[in-house]
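Worksheet: one structure, shown below.
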Protein chains: 2
Amino acid sequence: MINKEEFRKKIIITAGQIFSHYGFKKTTMDEIASALKMGKSSIYYYFESKEEIFEAVVLYEANLLRNELTTTIKSVESPVEKIRNYVFVRMKSFEKLSNYYNAIFDKNLDHFEFIENIRAKYDREELAILRLLLYHGARKKVFNVTNSEYTALAVQTTLKGLEVPLFWKKKELHLEDRLNAILDVLFNGILKK
Amino acid sequence: MINKEEFRKKIIITAGQIFSHYGFKKTTMDEIASALKMGKSSIYYYFESKEEIFEAVVLYEANLLRNELTTTIKSVESPVEKIRNYVFVRMKSFEKLSNYYNAIFDKNLDHFEFIENIRAKYDREELAILRLLLYHGARKKVFNVTNSEYTALAVQTTLKGLEVPLFWKKKELHLEDRLNAILDVLFNGILKK
DNA sequence: GAATTTTCGACCAAAAAATTCGAATATTTT
DNA sequence: AAAATATTCGAATTTTTTGGTCGAAAATTC
């Protein structure tokens, strides 16, 4: 009924849900299989290994995030709102993604490198987006930004402070408050006008 | 610096956090130990087994919930608000607790029985609380309840519908909506006045 | 400084998990 | 409808993980 490629996608989505809660290590092939209502060995017809599934999932999610962020930006006009929305969606997504990293940290340096690569690519794209948003705002005379490339770098670096490492106590962070504070500084600065 | 009993409590709290995310099965002694920054074998000085820790955790959490609920009730005056708040806190707590049950269901009938016992005790207590809340409201002439024991039974049974079994898709349940709907019925009934 | 309490690393057996394999079943092609 | 191909599956195998033990070291108390 559905072809191989579609089925791979189905596996990716299902496995992704489990990975996102339990992390790589704690997710078993049995669980993935039974969530898909199929025999464990059948999965090996579509993927070589658990790792291959995981990599496909990370790739897939990265694309989803990319699309979601693009849509978000397009959905509003004002330069301020564009940045504000972008930054909020980004934070929520990263919070969710942090579960994937969980339980990888012991040994599996391999995955770590794989994720790092995807991440690096994403960072480059994000920088371009931020630059565009800033440039756009400057053109509309809303932002006072002369070198959008330079300022984009500052914004991106700031946002990295919101990516929660595992050993932080999430509850004590109040990420939303922090993000709002950051946006205040970003838009208004701290100098008296 | 701190005595044995206090350390047991520390273990219970730490283990509880991990259990509540990963469930009994997926939580390892190594994880508990390293979260406590101590050797795995040291834990066995305080507890006989992983199961014993788990039981202590469940017991501890049950007490926390009991206290939280009591405080909640006391924090407001109006009989309607008392019930409304009680019922909301209860729902939130049960949602959280459902993670504990996770990954137990395969074999470990033992735990299941243990939890059932605690649960049964809690149910009895809850019934008494509900009866009191209803009686209190009737005394204040806010509720039209003649037999508070009987009505308490109805309320408790209704609330059981909110305890999410594992095989339900949480996202499709909209528990808060359901709870609000239930409260509407509880307070206003469905008959034309 | 002896006795007691607490921690720890190395070790083990059992359980769990990933992966393989060959046979069975379904689907497509000829 | 037979041959070829694609897909599923259960059982078997290998690898890894994990709960728990033990005796020896620290640390603490007496």
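All chains are named by letter (A, B, ...) in the order of the sequence lines, taking the proteins before the strands, and each is independently numbered beginning at 1.
The separation between A/R8 atom CZ and D/dT7 atom P is 12 Å, rounded to whole Å. Nucleotide C/dT6 holds its C1' atom 9 Å from the NZ atom of B/K4, rounded to whole Å. Per the geometry, CD belonging to B/E52 stands 14 Å off C1' belonging to D/dG19, to the nearest Å. The separation between B/E5 atom CD and C/dT6 atom P is 11 Å, rounded to whole Å. Between B/F47 atom CZ and C/dT6 atom C1' the separation is 15 Å, expressed in whole Å. One atom, OH of A/Y45, and another, C1' of C/dA26, lie 12 Å apart when rounded to the nearest Å.
Applying the salt bridge (Lys or Arg N to Asp or Glu O under 4.0 Å) test to every pair with at least one member in residues 32-42 of chain B, sequence neighbours left out, gives these pairs: B/D30-B/K40.
Judged as a side chain to side chain contact (heavy atoms under 4.5 Å, CB included), and not counting sequence neighbours, the contacts of B/I129 are B/I73, B/Y86, B/L133. Judged as a salt bridge (charged side-chain N to carboxylate O under 4.0 Å, His left out), and not counting sequence neighbours, B/K9 has no contacts. In this view, B/L59 and B/F114, B/I118 satisfy the side chain to side chain contact (heavy atoms under 4.5 Å, CB included) rule, not counting sequence neighbours. Remark: B/K121 engages B/R66, B/R124, B/E125 in a side chain to side chain contact (heavy atoms under 4.5 Å, CB included) (not counting sequence neighbours). For A/S78, the side chain to side chain contact (heavy atoms under 4.5 Å, CB included) partners two or more places apart in sequence, or in a different chain, are A/V80, A/E81.
Through direct or relayed side-chain contacts under 4.5 Å between Ile, Leu, Val, Met, Phe, Trp and Tyr, A/L127 connects to A/L153.
Contacts between residues 28-42 of chain A and DNA chain C, defined by a heavy-atom separation under 4.0 Å, are made by A/T28, A/M29, A/K40, A/S41.
Between A/T70 atom OG1 and A/L65 atom CG the span is 9.0 Å, to the nearest 0.5 Å.
Using five terminal pairs a side, the axes of the helix from C/dG1-D/dC30 to C/dT30-D/dA1 at its two ends make an angle of 30°, given in steps of 10 degrees.
Nucleic acid contact class of B/Y46 (heavy atoms, under 4.0 Å, all strands): sugar-phosphate only.
The existence of a salt bridge linking A/K26 and A/E31 is excluded, since no basic side-chain nitrogen approaches an acidic carboxylate oxygen closer than 4.0 Å.
OP1 or OP2 of C/dT19 sits under 4.0 Å from a side-chain N or O of A/Y44.
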